[in-house]
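Input: a single structure, listed below in structure tokens.
It should be emphasised that the depicted structure is a prediction, and the values quoted were computed from it without experimental measurement.
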Amino acid sequence: MFPSIPAIKQKKDITTIAFYNVENLFDTVDNPNTADDDYTPSGKKKWTINRYNIKIKKLSSIIAQLGLNKSKYPPAIVGLVEVENAKVVSDLANSSYLKKHHYGFVHYDSPDERGIDVALLYNKISFELIASETYPVFLEDDEGERDYTRDILKVSGHLHGELVHIIVTHWSSRREGVAETEHKRIAAAEKIREITAGIHAKEMGPKIIIMGDFNDDPKSKSVKEYLVKDDFYNPMEKILNPTSKGSLTYNGSWNLFDQIIFSKNFLVEEKDKLYFKHAEVFNKKWMKIYKGKYKGSPFRTYIGPWYKGGFSDHFPVYAFLKKKS
């Protein structure tokens, strides 16, 4: 179905970690407690089990290929956002493309009004899960009422024997305006700084990876000034080109909302320790709209009300880690 990866470039000592906004991965069952009505067979999207199964197959086919241009194996870690519940994450992990790669997952239900959550897939051979926890982001609307959003997920475990803390997040959207919603993303950044401070209070020199859809670019105020301070490195900053490269498009311009950020000790090459090598956007030609107004943009499941049968409105991002022997 997809082009094969040349085995000559693949190496056993390269570990891939990835992040993917899977765009409205809902099952077909109505949850009376959330605004998921559109994604039911009788809803506006006419979301059927067949369409759901196609999306699971397409998304899992992408995940299975992430990093295979350098590594012998699919990602050891995959952060996910816009998943409805544990069932859809389980269906991804147990799909035909991923089942043989022994993925477990971490998922908690969030109070988000749309019913979308964050989650983490992990290869059970590469990553030994120790603990996981979620943290709410407290926001208020213009009337002072609680504005419910996605919780932040923290997962701790041994990645190839080394203790690593992974934070998965999905910040508030820009739908009501960039400036009007900036404070919400800054609040999320400040919450993550609280979480990382808590890790530092218990551990000397912890290795931390922050991944997510920040709904802001690497140089946006929320990311550059409030999140990525002197103790973190954001490789995505060098990747974004508004005219040609990012993880999603808006009004003909590219953004790179999807990012993987590393504590700076990942830049140090020490014996038997994982260190950062390279980060990239996975944006193969067959993942793009091939003609018309949106040519070159990610091939998504719907454009407006019209079902197109694509993957997601975001390209996934991934990074390579290597262990110095």
Side-chain angles (χ1 to χ4, degrees), residues 17-25 59 62-63 66 78-83 112 114 116 118 137 139 149-150 152 167-189 192 209-228 232-262 278-290 292-304 308 310-319:
I17 61 168
F19 173 78
Y20 201 1
N21 179 330
V22 291
E23 190 199 10
N24 295 324
L25 183 56
L59 292 172
I62 295 291
I63 292 168
L66 295 176
V78 187
L80 300 170
V81 301
E82 294 205 12
V83 295
D112 180 83
R114 288 179 56 214
I116 55 172
V118 307
V137 180
L139 302 172
T149 188
R150 284 75 63 175
I152 297 166
I167 294 168
V168 187
T169 189
H170 185 190
W171 292 2
S172 298
S173 80
R174 297 176 164 196
R175 191 170 294 111
E176 295 155 18
V178 178
E180 291 81 358
T181 56
E182 183 181 61
H183 69 281
K184 296 182 180 182
R185 294 183 291 280
I186 289 173
I192 292 174
I209 302 170
I210 304 168
M211 57 173 66
D213 175 355
F214 297 90
N215 270 302
D216 267 337
D217 287 318
K219 291 186 178 180
S220 297
K221 184 177 181 180
S222 61
V223 178
K224 183 84 171 172
E225 297 182 25
Y226 284 85
L227 182 63
V228 183
F232 279 92
Y233 170 68
N234 189 355
M236 318 310 288
E237 193 172 321
K238 297 176 182 177
I239 294 174
L240 174 63
N241 185 327
T243 62
S244 61
K245 194 170 189 180
S247 58
L248 71 158
T249 58
Y250 181 71
N251 285 342
S253 181
W254 285 96
N255 293 101
L256 188 50
F257 293 170
D258 308 275
Q259 300 166 53
I260 305 175
I261 298 163
F262 297 88
H278 179 67
E280 194 51 87
V281 179
F282 192 77
N283 56 359
K284 301 298 182 184
K285 188 176 180 179
W286 39 265
M287 296 170 64
K288 302 175 182 179
I289 297 171
Y290 69 93
K293 178 182 176 182
Y294 301 105
K295 183 179 179 180
S297 297
F299 179 32
R300 57 192 300 179
T301 308
Y302 286 86
I303 296 179
K308 298 297 181 180
F311 302 89
S312 169
D313 59 347
H314 290 239
F315 291 138
V317 293
Y318 60 103

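Inter-residue side-chain proximity for Phe262 and Pro235 is flagged as met; some heavy-atom pair is nearer than 4.5 Å. For the pair Val118/Ile152, no side-chain contact is recorded, criterion being any heavy-atom separation below 4.5 Å from C-beta on. Side-chain contact check for Leu25 versus Glu82: every heavy-atom pair is 4.5 Å or farther apart.
Relative orientation of the Trp254 and Phe315 rings is parallel, given thresholds of 30° and 60° on the angle between their planes.
Taking 4.0 Å as the cut-off between side-chain N and carboxylate O, Glu280 and Lys245 count as a salt-bridged pair.
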* **Stepwise side chain to side chain contact (heavy atoms under 4.5 Å, CB included) test for Tyr20 and Asp258** => CA-CA 8 Å; Tyr20 201 1; Asp258 308 275; over 6 Å; no

* Asked: How far apart are the C-alpha atoms of Ile192 and Phe232, what are their side-chain angles, what is the distance that settles it, and do they pass the side chain to side chain contact (heavy atoms under 4.5 Å, CB included) test?
  -> CA-CA 12 Å; Ile192 292 174; Phe232 279 92; over 6 Å; no

* Verdict with supporting geometry, Arg150 and Ile116, side chain to side chain contact (heavy atoms under 4.5 Å, CB included) -> CA-CA 7 Å; Arg150 284 75 63 175; Ile116 55 172; 4.0 Å; yes

* To do: Decide side chain to side chain contact (heavy atoms under 4.5 Å, CB included) for Phe257 and Arg174; before the verdict, give the C-alpha distance in whole Å, the side-chain angles of both, and the deciding distance to 0.1 Å.
  => CA-CA 11 Å; Phe257 293 170; Arg174 297 176 164 196; 3.8 Å; yes

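Considering every non-hydrogen atom in both Thr301 and Glu23, the closest pair reads N-OE1, 3.6 Å. Minimum interatomic distance between Phe214 and Val223 (heavy atoms only, all atoms of both residues): CB-CG2, 4.2 Å. A pairwise comparison of heavy atoms in Pro298 and Ser247 identifies CG-O, 3.9 Å as the closest pair.
The closest side-chain donor-acceptor pair between Asn241 and Thr243 falls under 3.5 angstrom.
Surrounding CD of Glu225 are more than 12 heavy atoms belonging to other residues, nucleotides or ligands, all under 6.0 Å away. No more than 12 heavy-atom neighbours from other residues, nucleotides or ligands sit within 6.0 angstrom of OH on Tyr294.
Exactly one of Lys184, His183, Arg185 qualifies for a side chain to side chain donor-acceptor pair (under 3.5 Å) with Thr181. That residue is Arg185. When each of Thr249, Asp217, Asp216 is checked for a side chain to side chain donor-acceptor pair (under 3.5 Å) with Asn255, only Asp217 meets the rule.
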